[in-house]
*Asks:* 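First the structure, which I've put down as structure tokens, then a few questions once you've had a look.
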Amino acid sequence: MVSLYENIRKTSAFLKRRIKDFAPEIVLVLGSGLGGFTSNVDVRYRISYKTITGFPKTKNVAGHAGELIFGKICGKKVVLMAGRFHAYQGFSLQEVTFPIRVLRQLGPDILIVTNAAGGLNRNFNVGDLMLITDQINAMGTTPLVGMHDERLGPQFLPMTEAYDKRLRMIVKKAAAKSKIKLQEGTYIALIGPTYETPAEAKMYRSFGDAVGMSTVPEVIVANHMGMKVIGISCITNVHDGRNIPSHEEVMEAGKKSSKRFQRLVTNIIDSI
Ligand code: HPA
């Protein structure tokens with residue numbers, strides 16, 4: 001049987017041939033609301049997921065999976081994941097995190113993850129941006145279960161500083177400099193695709209500040225591979241017991257915050 005490690009090497013070799021000597025320093029995962037961010041990139045290469053050997057195959061015929069965009073932002077070499085794979089689409093967490101594992105082989109040691117999330121903290125408003133300070137994995141499994149392979153990372157992984165402290169300081173300074181209000185808190189990941197019941201929201205509120213359906217698996221493998229992580233959530237809805245969350249509301253709020261979100265991420269990349 002071909003190991004995960006060998007598949008990672010095969011796909012990264014495929015990408016290396018496509019991008020030649022371009023060596024990204026940062027991986028940026030674009031969540032809902034940050035789609036427009038690609039216009040800030042001085043693009044060198046665009047590679048559609050469906051043409052990448054070994055990338056998970058989208059199970060939804062109508063949905064388009066996304067693309068990798070290699071280019072420069074503020075003079076820094078970056079690779080963007082425009083589109084990600086979710087557990088709620090039926091992908092295993094190994095499939096969800098496969099692109100991060102592959103991109104790490106190209107050299108970057110910083111991961112910036114962004115997402116849309118529901119606000120649990122009573123002080124949060126729709127449109128707020130939240131710096132993720134810590135996470136709770138409520139997905140019921142992790143991308144590290146299964147055969148241990150030392151070439152991927154350690155078997156028992158400390159997650160004490162899953163979101164790098166020094167980088168968090170840089171993010172806070174970048175936000176202050178650009179006069180962008182930044183909330184902070186713990187992100188809880190659930191498998192979805194159901195939104196939370198009022199009872200669930202109440203329970204999770206006692207654990208954390210925002211809830212979503214992504215990010216945590218990617219952050220686990222990034223830590224497993226020794227990357228430093230920044231995470232930012234866009235609060236697209238709030239769980240106040242009255243509001244009924246919907247996909248439309250999430251997308252609409254994401255769109256409204258998009259310019260501010262883009263400005264913040266650009267300033268972060270500039271400050272790193
Ligand atoms: N719950 C889970 N995921 C989400 C939410 C939410 O309220 N909003 C955006 N993604």
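Ligands are counted one by one from 1 in listed order, and the atoms in each one are counted from 1 as well. In this chain, residues are counted from 1 in sequence order. This is a predicted model, so every value here is computed, not measured.
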*Asks:* Of the backbone atoms (N, CA, C, O) and the side-chain heavy atoms from C-beta on, which set of T236 has a member under 4.0 Å from an atom of ligand 1: side chain, backbone, both, or neither?
*Replies:*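 The answer is the side chain of T236.
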
*Asks:* Can a salt bridge be assigned to the pair K228 and E161 using a cut-off of 4.0 Å between side-chain N and carboxylate O?
*Replies:* no

*Asks:* For H239, take its heavy atoms, then give the atoms of ligand 1 lying under 4.0 Å from any of them.
*Replies:* 6 (C), 7 (O)

*Asks:* Tell me which protein heavy atom sits closest to atom 3 (N) of ligand 1, plus the residue, atom name and distance to 0.1 Å.
*Replies:*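 Here the nearest protein heavy atom works out to G212 CA, 3.3 Å.
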
*Asks:* Search all heavy atoms of N125 against all heavy atoms of K181 and return the closest pair with its distance.
*Replies:* ND2-NZ, 4.3 Å

*Asks:* May I ask you to check if ligand 1 and G118 share an N or O to N or O distance below 3.5 Å?
*Replies:*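 Yes, G118 has an N/O under 3.5 Å of an N/O on ligand 1.
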
*Asks:* Against heavy atoms of V250, which atoms of ligand 1 measure under 4.0 Å?
*Replies:*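 Answer for ligand 1: 8 (N), 9 (C).
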
*Asks:* Flag the pair E196 and K202 as a salt bridge only when some basic side-chain nitrogen lies within less than 4.0 angstrom of an acidic carboxylate oxygen.
*Replies:* no

*Asks:* Relative to the heavy atoms of A116, which atoms of ligand 1 are at a distance of less than 4.0 Å?
*Replies:*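 Atoms satisfying the 4.0 Å criterion: 9 (C), 10 (N).
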
*Asks:* Counting only heavy atoms, which portion of N237 has something under 4.0 Å from ligand 1: side chain, backbone, both, or neither?
*Replies:*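 Looking at N237 and ligand 1, just side chain atoms fall under 4.0 Å.
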
*Asks:* Answer yes if the ring centres of Y49 and F85 are under 6.0 angstrom apart, and no otherwise.
*Replies:*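 Centroid separation for Y49 and F85: below 6.0 Å.
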
*Asks:* Return the residue, atom name and 0.1 Å-rounded distance of the protein heavy atom closest to atom 4 (C) of ligand 1.
*Replies:* V211 O, 3.7 Å

*Asks:* May I ask you to establish whether K77 and F22 are in a cation-pi arrangement, using a distance under 6.0 Å from NZ or CZ to the six-membered ring centre and at most 45° from the ring axis?
*Replies:*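 Relative to the ring axis of F22, which defines the angle, K77 lies inside both limits.
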
*Asks:* Taking E67 first and then R46, would you say they form a salt bridge - that is, a charged N and a carboxylate O separated by under 4.0 Å?
*Replies:*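 Yes, charged N to carboxylate O under 4.0 Å.
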
*Asks:* Calculate, to the nearest 0.5 Å, the distance between atoms CD1 and CG belonging to I191 and N137 respectively.
*Replies:* 9.5 Å

*Asks:* Among protein heavy atoms, which lies nearest atom 2 (C) of ligand 1, and at what distance?
*Replies:*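 Nearest neighbour among protein heavy atoms for atom 2 (C) of ligand 1, to 0.1 Å: E196 OE2, 3.4 Å.
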
